[in-house]
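Here is how names work: the chains are called A, B, and so on, in the same order as the sequence lines, proteins then strands, and each is numbered from 1. All values reported here derive from a predicted model rather than from experimental measurement.
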Amino acid sequence: MNIDHLLRLEIEDAVAALFGQAAPVLQIQPTNQEFEGSHTLVCFPLTKLSKKGPEETGSVIGEKLVGNGKLVSKFNVVKGFLNLSISDEAWVKVLADMLATATYGQQAPNGKEIMVEYSSPNTNKPLHLGHLRNNFLGYSVAEIYRAVGYTVHKVQIINDRGIHICKSMAAWTLFGNGETPEGSGLKGDKLVGKYYVEFDKAYKAQVKELEGKGMTTEQAEKEAPIMKMAVDLLLKWEARDPETLKLWKMMNSWVYAGFDATYRRMGVDFEKLYYESDTYLLGKEEVMKGLAAGVFFRKDDGSVWVDLTGDGLDQKVLLRADGTSVYMTQDIGTAMLRFRDFPKIEGQVYTVGNEQEYHFKVLFLILGKLGYAWAKKCYHLSYGMVDLPSGKMKSREGTVVDADDLMEEMVSDAAAQTAELGKTEGMSKEEVDTLTEMIGLGALKYFLLKVDPKKRMLFDPSESISLQGHTGPFIQYTHARIRGMLRKANLTTGDRLPVTGDRWELHELERNVIVRLSQFPSKLEDAAREYSPAVIANYIYTLAQDYNQFYQAIPVLNEPDSDRRAFRLAFSGATADVIRSGMRVLGIGVPDRM
RNA sequence: GGUCCGGUAGCUCAACUGGAUAGAGCAUCAGCCUUCUAAGCUGACGGUUCCGAGUUCGACUCUCGGCCGGAUCACCA
């Protein structure tokens with residue numbers, strides 16, 4: 001039973017009957033808290049039809065709706081806004097339907113497939129705060145699409161080749177003394193990252209020295225021995241030199257082991273990994289085809305270009321004069337490969353920072369010019385940077401917030417606060433660990449997801465993320481309290497209570513929560529359409545707020561009337577379920593006690 | 001300089017895509033544990049929605065012009 005839909009139909013009928021014309025698209029919105037009712041019809045646009053003022057138009061429609069005696073029980077008109085109260089009987093029916101649906105909010109499969117790319121790090125440095133936002137966003141958008149009925153494929157492209165990894169390789173060869181993660185106990189990605197930093201240090205020193213000997217900066221940067229070594233490694237890599245490949249594979253394997261550990265703790269997963277070393281040549285073929293088809297053109301020096309001046313952009317190079325590919329070429333190749341691997345996907349979502357907006361604009365245009373219809377369904381999920389109070393994160397200034405460190409800090413903070421509140425009585429060490437992990441990561445994920453993705457956001461590591469107020473743990477806590485109640489009532493986790501009794505008169509605080517619960521499916525749709533987990537994060541928060549108001553004011557277990565008690569238990573259980581489902585698409589777990 | 005994005009309470013963020021008196025949290029202050037978990041609830045304080053025009057019944061939202069911040073405009077990825 002979908003109240004929004006039924007109400008819309010009923011109002012359309014009423015308008016047609018009253019004014020003799022089909023209604024235009026009706027503006028129906030949730031009623032502001034300060035007025036009575038749950039749905040509000042904006043009457044201004046209807047005055048042309050009714051030939052009456054907005055107030056009177058509202059009254060006439062309201063009377064008609066109440067007269068129908070089905071859905072609407074009461075109405076009031078304030079300044080051209082028709083506020084409608086849905087009958088409690090209808091609301092109880094809504095709740096009953098909700099409880100009868102095993103996976104309320106989860107849509108039936110719609111037969112469509114979509115791919116979501118996220119994470120996609122370079123292999124020369126450990127993951128940091130910016131990657132956390134990327135991973136949590138991408139994972140959540142994928143889960144949201146799954147919830148609205150799509151088959152979703154989560155993938156990433158691992159940027160495993162290029163000068164950056166060669167720099168780490170050079171430094172490790174020179175200064176590593178054979179250090180391995182096993183030998184030194186340093187996590188693989190951290191180890192490789194360490195030598196990337198070593199490279200930078202040595203490089204700078206060498207440049208300075210050469211400058212001292214009279215070279216220009218430009219010359220010195222080219223002539224620094226360690227840089228020449230890195231470039232040499234890159235050339236050898238491209239020439240498939242066995243020694244170089246061996247070193248490259250070894251160091252990359254360390255990085256992957258390190259990343260895996262980080263991903264596991266983050267709670268994200270991937271169906272398939274793409275490696276740039278496998279795909280970087282593929283785009284060429286496609287570019288050559290495009291060239292033959294006249295989509296691209298060749299310049300005198302032999303380089304291949306696309307002309308986007310007709311789209312208000314520039315000309316972009318796709319193949320260098322020496323025939324090697326650029327970034328764009330690789331991305332074309334990767335896209336082709338993915339559609340070959342998953343022919344049914346209708347599009348791709350690329351979770352990549354907003355500094356690459358131009359790149360993706362160009363990529364999608366090119367794919368369209370190549371004649372692929374799915375280019376229109378490709379979306380760049382562009383998100384803003386995470387700033388520190390000191391400004392941007394700068395690896396050179398050592399202000400990068402490491403992903404592993406941050407997760408660890410959040411969890412130990414959560415552990416400290418949990419212990420301080422005396423919540424751990426009667427729990428085993430293992431249970432406490434599981435709980436604090438859930439709380440710490442929940443706080444972090446919620447913090448990063450509640451903000452509109454496209455906005456840049458501020459993260460202050462010194463004042464660690466709060467566990468009170470508009471936070472993940474607040475929502476987790478609301479869930480845990482409900483589960484605690486159900487436990488006391490001897491109900492197990494999976495129980496879905498039927499709504500019993502014939503008491504159709506709801507308390508206002510109960511009705512508020514049911515109204516909120518009924519919005520869950522449409523919120524999921526909004527979130528999918530906008531590619532925004534923030535929609536769900538903010539929705540679940542207001543749901544928890546509404547429920548807590550009810551919980552505070554109205555007894556459940558202590559309610560003497562058994563029908564009412566059963567009703568409130570059922571309705572509390574429904575709330576817990578929606579909280580859990582909503583948090584699940586955010587990638588956040590909820591505990592049964594905390 | 002061109003293009004794109006952002007600017008909302010002291011701070012961090014919302015505002016159902018043009019609707020009602022712009023809402024939450026944090027912080028500050030004042031209350032609520034002898035009833036289901038106080039990581040909670042109630043109240044107070046806090047606003048020229050960057051500025052200026054325009055569009056209309058109605059603008060944080062749309063248009064134009066400024067101001068501030070960021071990104072981008074590589075044969076880098």
Side-chain angles (χ1 to χ4, degrees), chain A residues 27-35 40 42-45 47 53-54 78-81 83 122 159 161-164 276 299 301 303-305 312-314 316-322 324-331 353-359 361 382 384-385 387 391-392 414 417-418 420-421 423 439 443 447 450-452 454-460 463 466-478 480-489 519 522-523 526 530 534-535 537-539 541-542 544-545 548-549 551-559 565 568-569 572 593-594:
Chain A
Q27 286 186 47
I28 302 173
Q29 56 187 350
T31 303
N32 281 11
Q33 208 66 314
E34 64 212 275
F35 301 109
T40 293
V42 183
C43 298
F44 301 96
T47 51
V78 183
K79 303 200 327 195
F81 294 88
N83 302 317
N122 289 342
N159 185 14
R161 51 145 239 129
I163 190 68
H164 57 272
E276 199 186 285
K299 286 198 176 173
D301 65 355
S303 55
V304 178
W305 294 70
L313 302 176
D314 277 334
K316 295 285 293 182
V317 69
L318 297 177
L319 285 179
R320 298 187 181 98
D322 64 5
T324 55
S325 352
V326 294
Y327 180 39
M328 189 65 71
T329 327
Q330 296 166 24
D331 269 8
N354 62 8
E355 69 273 12
Q356 296 200 33
E357 275 173 8
Y358 183 73
H359 172 77
K361 200 184 262 182
S382 165
M385 316 220 138
D387 284 324
K392 255 176 105 160
Q417 293 197 43
T418 303
E420 197 176 322
L421 289 169
K423 299 277 189 179
I439 296 172
F447 184 86
K450 74 173 177 185
V451 180
D452 182 345
K454 66 171 176 282
K455 291 196 178 177
R456 56 188 311 156
M457 63 182 298
L458 187 82
F459 177 81
D460 189 344
E463 43 181 272
S466 164
L467 309 184
Q468 277 102 37
H470 189 181
T471 67
F474 168 89
I475 298 167
Q476 291 172 322
Y477 179 68
T478 305
R481 279 208 303 204
I482 296 175
R483 295 251 61 107
M485 248 171 23
L486 298 183
R487 225 173 11 251
K488 281 199 179 171
Q519 297 165 350
S522 69
K523 287 292 175 184
D526 291 350
E530 294 172 33
V535 170
N538 288 308
Y539 163 73
Y541 173 64
T542 56
Q545 268 186 322
N548 283 334
Q549 282 178 31
Y551 180 90
Q552 160 73 23
I554 297 177
V556 178
L557 295 176
N558 297 329
E559 165 61 46
R565 184 168 176 276
R568 286 177 189 156
L569 277 169
S572 298
R593 71 182 76 203
M594 71 184 273

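Out of A20(B), G25(B), C75(B), the shortest distance to the side chain of Val78(A) is found at A20(B). Ranking U72(B), C75(B), A24(B) by closeness to the Tyr358(A) side chain, first place goes to U72(B). Counting only heavy atoms from C-beta on, Leu458(A) has its side chain closest to U12(B) among U12(B), A14(B), A77(B). Comparing atom distances between the Glu355(A) side chain and each of U72(B), U35(B), C41(B) picks out U72(B) as nearest. The side chain of Thr31(A) sits closest to A20(B) out of A20(B), C36(B), C75(B). In this structure, the nucleotide among C36(B), A24(B), G40(B) sitting nearest to the side chain of Gln468(A) is G40(B). Picking from U72(B), C16(B), C41(B) the nucleotide with the shortest atom distance to the side chain of Gln552(A) gives C41(B). Residue Glu357(A) has its side chain nearest to C4(B) when only U35(B), C4(B), G40(B) are considered. The side chain of Tyr477(A) approaches U37(B) more closely than any other nucleotide in the set G19(B), G25(B), U37(B). Of the candidates A39(B), G6(B), G19(B), A39(B) carries the atom nearest the Thr418(A) side chain, counting heavy atoms from C-beta on.
Partner assigned to U35(B) is none, using Watson-Crick or G-U wobble distances below 3.5 angstrom. Base pairing of C62(B) is made with G54(B), judged by Watson-Crick or G-U wobble geometry with both donor-acceptor distances under 3.5 Å. Remark: A71(B) base-pairs with U3(B); criterion is Watson-Crick or G-U wobble with both hydrogen-bond distances under 3.5 Å.
Ring orientation note: the planes of Phe459(A) and Phe447(A) are nearly perpendicular, at an angle over 60° on the 30°/60° scale.
Comparing U35(B) with C16(B), their C1' atoms are spaced 38 Å from each other, to the whole Å. Comparing the C1' positions of U63(B) and C76(B) gives an interatomic distance of 39 Å, to the nearest angstrom. The same atom, C1', is picked in C4(B) and in U28(B); the two are 40 Å apart, to the nearest Å. Comparing the same atom, P, in U61(B) and in A77(B) gives a spacing of 42 Å after rounding to whole Å. The separation of G18(B) from C33(B), taken at their P atoms, amounts to 47 Å, rounded to a whole angstrom. If you take atom P in A59(B) and the same atom in G23(B), they sit 16 Å apart, rounded to whole Å. Across the C1' atoms, C68(B) and U8(B) are found 15 Å apart, a figure rounded to whole Å.
Per the geometry, CG belonging to Asp314(A) stands 10 Å off P belonging to C75(B), to the nearest Å. Taking atom CD on Gln417(A) and atom P on A38(B), their separation rounds to 17 Å, with Å as the unit. Rounded to whole angstrom, the span from the NZ atom of Lys450(A) across to the C1' atom of A14(B) amounts to 10 Å. Rounding to whole angstrom units, CZ of residue Phe474(A) and C1' of A39(B) are separated by 9 Å.
Note on Ala534(A): nothing from the nucleic acid sits closer than 4.0 angstrom, heavy atoms only. Contacts of Asp331(A) with the nucleic acid, taken as non-hydrogen atoms under 4.0 Å apart, are absent. When heavy atoms are screened at a 4.0 angstrom cut-off, Glu530(A) is found touching base atoms of the nucleic acid. Within 4.0 Å of Gln356(A), counting heavy atoms only, lies at least one base atom of the nucleic acid. Using a 4.0 Å heavy-atom cutoff across all strands shown, Asp452(A) reaches sugar-phosphate atoms only and no base atom. In this structure, Glu276(A) reaches the sugar-phosphate backbone alone: every heavy-atom distance under 4.0 Å involves primed, P, OP1 or OP2 atoms, never a base. Val451(A) comes within 4.0 angstrom of sugar-phosphate atoms only, judged by non-hydrogen atoms across all strands, and of no base. Looking at heavy-atom distances under 4.0 Å, Ala553(A) makes no contact with the nucleic acid at all.
Once rounded to the nearest 0.5 Å, the distance linking CG of Asp452(A) with CD of Glu530(A) reads 8.0 Å. Atom CZ of Phe81(A) sits about 10.5 Å away from atom OG1 of Thr31(A), to the nearest 0.5 Å. Expressed to the nearest 0.5 Å, how far CE of Met485(A) lies from CG of Leu557(A) amounts to 5.5 Å. Atom CD of Glu559(A) is separated from atom CZ of Arg568(A) by 4.5 Å, given to the nearest 0.5 angstrom.
Judged by atom type and distance alone, Asn32(A) does not reach the base of A22(B) through any side-chain donor-acceptor pair under 3.5 Å. Residue Thr40(A) places a side-chain atom within donor-acceptor reach of the base of A20(B), judged by atom type and a 3.5 Å distance cut-off alone.
Annotation: of the two residues near RNA chain B, Leu467(A) and Glu559(A), the 5′-most nearest-nucleotide partner is Glu559(A). Nucleotides of RNA chain B nearest to Ile28(A) and Leu319(A) differ in position, and the one nearer the 5' end is that of Ile28(A).
The side chain of Gln549(A) contributes an N or O atom lying less than 4.0 Å from OP1 or OP2 of U42(B). In this model, the phosphate group of A14(B) is approached by a side-chain N or O of Lys455(A) to a distance below 4.0 Å at OP1 or OP2. In this structure, Asn548(A) reaches the C41(B) phosphate: one of its side-chain N or O atoms is under 4.0 Å from OP1 or OP2. Side-chain nitrogen and oxygen atoms of Arg320(A) include at least one within less than 4.0 Å of the OP1 or OP2 phosphate oxygen of C76(B). Between Tyr327(A) and the phosphate of A77(B), there is no side-chain N or O to OP1/OP2 separation shorter than 4.0 Å. When the side-chain nitrogen and oxygen atoms of Lys79(A) are compared with OP1 and OP2 of U21(B), one or more of them lie within a distance under 4.0 Å. OP1 or OP2 of A38(B) has at least one side-chain nitrogen or oxygen of Arg481(A) nearer than 4.0 Å. Between Lys423(A) and A39(B) there is a side-chain N or O to OP1 or OP2 distance below 4.0 Å. Regarding contacts with the backbone of U37(B), a side-chain N or O of Lys488(A) is found under 4.0 angstrom from either OP1 or OP2.
Cation-pi geometry between Lys299(A) and Trp305(A) is met: the NZ or CZ atom falls under 6.0 Å from the ring centre, inside 45° of the normal.
Taking the 5.5 Å centre cut-off and the 30° plane limit, the aromatic side chain of Phe44(A) is not classed as stacked on G58(B). A stacked arrangement is not assigned to Phe81(A) and the six-membered base ring of G19(B), the conditions of a centre distance below 5.5 Å and an interplanar angle below 30° not being jointly met.
Judged purely by distance below 3.5 Å, without hydrogens or angles, the side chains of Tyr327(A) and Glu276(A) never pair a donor atom with an acceptor atom.
No salt bridge links Asp322(A) with Arg320(A); every basic N to acidic carboxylate O contact stays at or beyond 4.0 Å.
Contact check for Gln417(A) versus Ile439(A): no side-chain heavy atoms found under the 4.5 Å cut-off.
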